[in-house]
Amino acid sequence: MRLKQSLLIMLALAVVGGCATTSVPTEDNQRLQNLQAELERLLQDTELVERVPLAVADAERAARRARSDEVTGAERTHRMAIAEKRIEIARAESYRVEAEQAAEAIDQTITALRLNASRLEVAQARAEAEQARLSSVATQEEIQRTRQQAMSAAERAEAAAERERMAREEAEAARRLSEAQATEIALARREAELASEAAESLRRRLELMALRETDRGMVITLGDVLFATGETRLANDAQSNLADVVELLQSEPDKKVRIEGHTDSTGNESVNLRISQQRADAVKAELVNLGVEPGRIDAVGMGEDFPIASNDTGEGRSQNRRVDVILLEDEPSP
Amino acid sequence: MPQPQLTDSMAKQPRSKGAVRLTVAGVCLLLASACATTPPDPRILDNARQAITRAEAAGGSEHAPLELRLANRRLEAARQAIEAGDGQRARYQSDEAEIEAQLALARTRAALARRTLAEKRQALEALREELVELYGPEVLP
């Protein structure tokens, strides 16, 4: 009370002092009413009061100071301004706390989410591990099977390649062989042809000569075509006939040759013997002349004693006049 | 003995005497502060300055620029009042600058809290989508 009195005195003195501002009560009253209304609204917001009780208390105190009957003029205006700001500060603080509380709730939600996630992750990992364990055998088998399949496939491919390679080689060899064979065959055929031709030629030419196999060996009978009757020299065309004989003899160069001269029974026996000798010699000379080794040949006159046909007919006598060239069968030379 | 009497009288009178003295001193102070030509103590600006500094440090220039401008204007007015020797006005303006700076700080902190809240909401939504995709809706609390 004493303080109040002294304040009043001071106020009165200040007014008396002439420097104090004259207040406009209606304006101040209106502002005070607004201030009070704002404060009421603040206090009615129970959530806000709960959030920022200290700020609300500050605002309340400031408003009370502004309402004070003991203040007027500039002081009251000042106090009202302060109280108005206190109310605004309380509101701002309330917004802040509200946002902070919401953020904290979100933090808790995030924590709960992460917790759930990690639980689920653990559960999943456990399930996957179990699944992996359960299927590991099957997986191993599958791997083994796949590996075997791959191996057998590779082996099959390799075998196929091998077979193909061998087939190619065989085909190549066959081709080369067939080429060679064809060449050989052609050569052989050619040789055969040539041989055949030669044999044919020889055979045809030897047809003119009588050929017969005997115990002594092959006997080639040269007919009386070689000599004119009573002559001991070879006829001119005899050489071509004897060439065939030489060829025959040279085909067996190791065998001895015996030349026997024969006559028919016409005329003197001793003459016939001599003639037969001479004719045998003539043939021998011609054979030597044609290239036969002289040492191989033994020329003998046999006379009229070894006829091969009857001396009663002309044809028989013609057959008996002959020279036999004998290719002796492995008979040692005398 | 005069001394006890004196003591007695002094003991009986101190309140009224002190009140008179206080009143006289208050009147003198009031008169001096109201109309004195000697400048008031500039330290009355300190609280306002500190409040403004705090609000600026918290990011008030971005989130409560009007309040900060008003606070600075009131601080300047208070400074001018000190220069003018108007102690009362200097005190009023200084106090109002301080409370304005406090409001700037409160609104700045509220804005920052709301921004943080918005970021956390986005983070939560992203996390929720990610985890639902990974683990299905059963992950939701």
Side-chain angles (χ1 to χ4, degrees), chain A residues 2-3 5-7 9-14 16-21 52 55 58 62 73-75 77-79 81-121 123-124, chain B residues 15-16 18-20 22-23 26-31 33-36 64 67 70-71 74 86 88-89 91-93 95-96 98-125 127-128 130-132 134-136 138-141:
Chain A
R2 192 172 293 274
L3 183 66
Q5 280 180 346
S6 56
L7 280 171
I9 292 166
M10 282 194 290
L11 190 64
L13 283 170
V16 170
C19 291
T21 53
V52 285
D58 283 347
E75 181 68 19
T77 305
H78 170 65
R79 290 186 181 188
I82 297 291
E84 285 162 6
K85 294 298 176 186
R86 285 276 173 221
I87 290 173
E88 285 189 57
I89 286 172
R91 289 228 162 85
E93 296 270 288
S94 173
Y95 287 139
R96 173 178 63 77
V97 171
E98 189 180 6
E100 283 172 357
Q101 285 175 349
E104 197 174 330
I106 286 176
D107 281 344
Q108 286 175 358
T109 305
I110 285 175
T111 302
L113 263 176
R114 291 224 165 97
L115 194 62
N116 280 1
S118 61
R119 280 195 194 116
L120 286 171
E121 189 175 4
Q124 278 186 10
Chain B
R15 234 181 237 177
S16 59
V20 172
L22 187 69
T23 306
V27 167
C28 290
L29 188 68
L30 206 62
L31 286 172
S33 66
C35 304
E67 291 82 353
L70 190 55
R74 296 229 186 287
D86 191 342
Q88 189 189 46
R89 180 172 158 77
R91 186 172 63 83
Y92 289 167
Q93 291 295 329
D95 285 352
E96 287 175 25
E98 183 184 356
I99 198 90
E100 194 68 36
Q102 287 176 0
L103 178 59
L105 178 63
R107 285 184 170 161
T108 295
R109 291 170 69 187
L112 290 173
R114 279 198 295 268
R115 191 165 74 182
T116 301
L117 174 62
E119 289 168 0
K120 289 200 173 188
R121 279 192 178 126
Q122 285 186 347
L124 171 64
E125 205 49 45
L127 183 67
R128 201 197 301 268
E130 181 191 338
L131 294 184
V132 166
L134 278 174
Y135 302 105
E138 56 187 316
V139 78
L140 298 178

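All chains are named by letter (A, B, ...) in the order of the sequence lines, taking the proteins before the strands, and each is independently numbered beginning at 1.
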Rounded to the nearest 0.5 Å, what's the gap from [atom1] on [X] to [atom2] on [Y]? Could you check?
{"X": "L120(A)", "Y": "E138(B)", "atom1": "CG", "atom2": "CD", "result": "5.0 Å"}
{"X": "R79(A)", "Y": "D95(B)", "atom1": "CZ", "atom2": "CG", "result": "10.5 Å"}
{"X": "Y135(B)", "Y": "Q124(A)", "atom1": "OH", "atom2": "CD", "result": "6.0 Å"}
{"X": "H78(A)", "Y": "Q88(B)", "atom1": "NE2", "atom2": "CD", "result": "9.0 Å"}

Worksheet, complete the sentence: Scored by heavy-atom pairs under 4.5 Å with chain A, the best of L140(B), T108(B), I99(B) is I99(B)
Worksheet item: If you look at every heavy atom in A106(B) and A92(A), which pair is closest and at what distance?
Response: CB-CB, 3.7 Å
Fill in: Nearest heavy-atom neighbours spanning L113(A) and L131(B)
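So the two residues come closest at O-CD1, 3.8 Å.
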Fill in: E75(A) side chain reached by R91(B) side chain, heavy atoms, under 4.5 Å
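They are in side-chain contact.
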Practice prompt. Answer whether the closest heavy-atom distance between the side chains of K85(A) and E100(B) falls below 4.5 Å.
Written response: yes
Practice prompt. Sequence neighbours left out, what pairs pass side chain to side chain donor-acceptor pair (under 3.5 Å) with at least one residue falling in residues 114-124 of chain B?
Written response: D107(A)-K120(B)
Given heavy-atom pairs under 4.5 angstrom as the criterion, report whether the side chain, backbone, both or neither of [X] touches chain A.
{"X": "E67(B)", "value": "neither"}
{"X": "L124(B)", "value": "both"}
{"X": "L134(B)", "value": "backbone"}

Which pairs would a plain distance check flag for residues 94-103 of chain A, meaning a side-chain donor or acceptor within less than 3.5 Å of a matching protein atom at least two apart in sequence or in another chain?
unit_1 : atom_1 : unit_2  : atom_2 : d
S94(A) : OG     : R51(A)  : NH1    : 2.9
R96(A) : NH1    : E100(A) : OE1    : 3.2
R96(A) : NH1    : E100(A) : OE2    : 3.2
R96(A) : NH2    : E93(A)  : OE1    : 3.3

Worksheet item: Any idea which of R91(A), E121(A), E104(A), R114(A) has the most non-hydrogen atom pairs under 4.5 angstrom with chain B?
Response: E121(A)
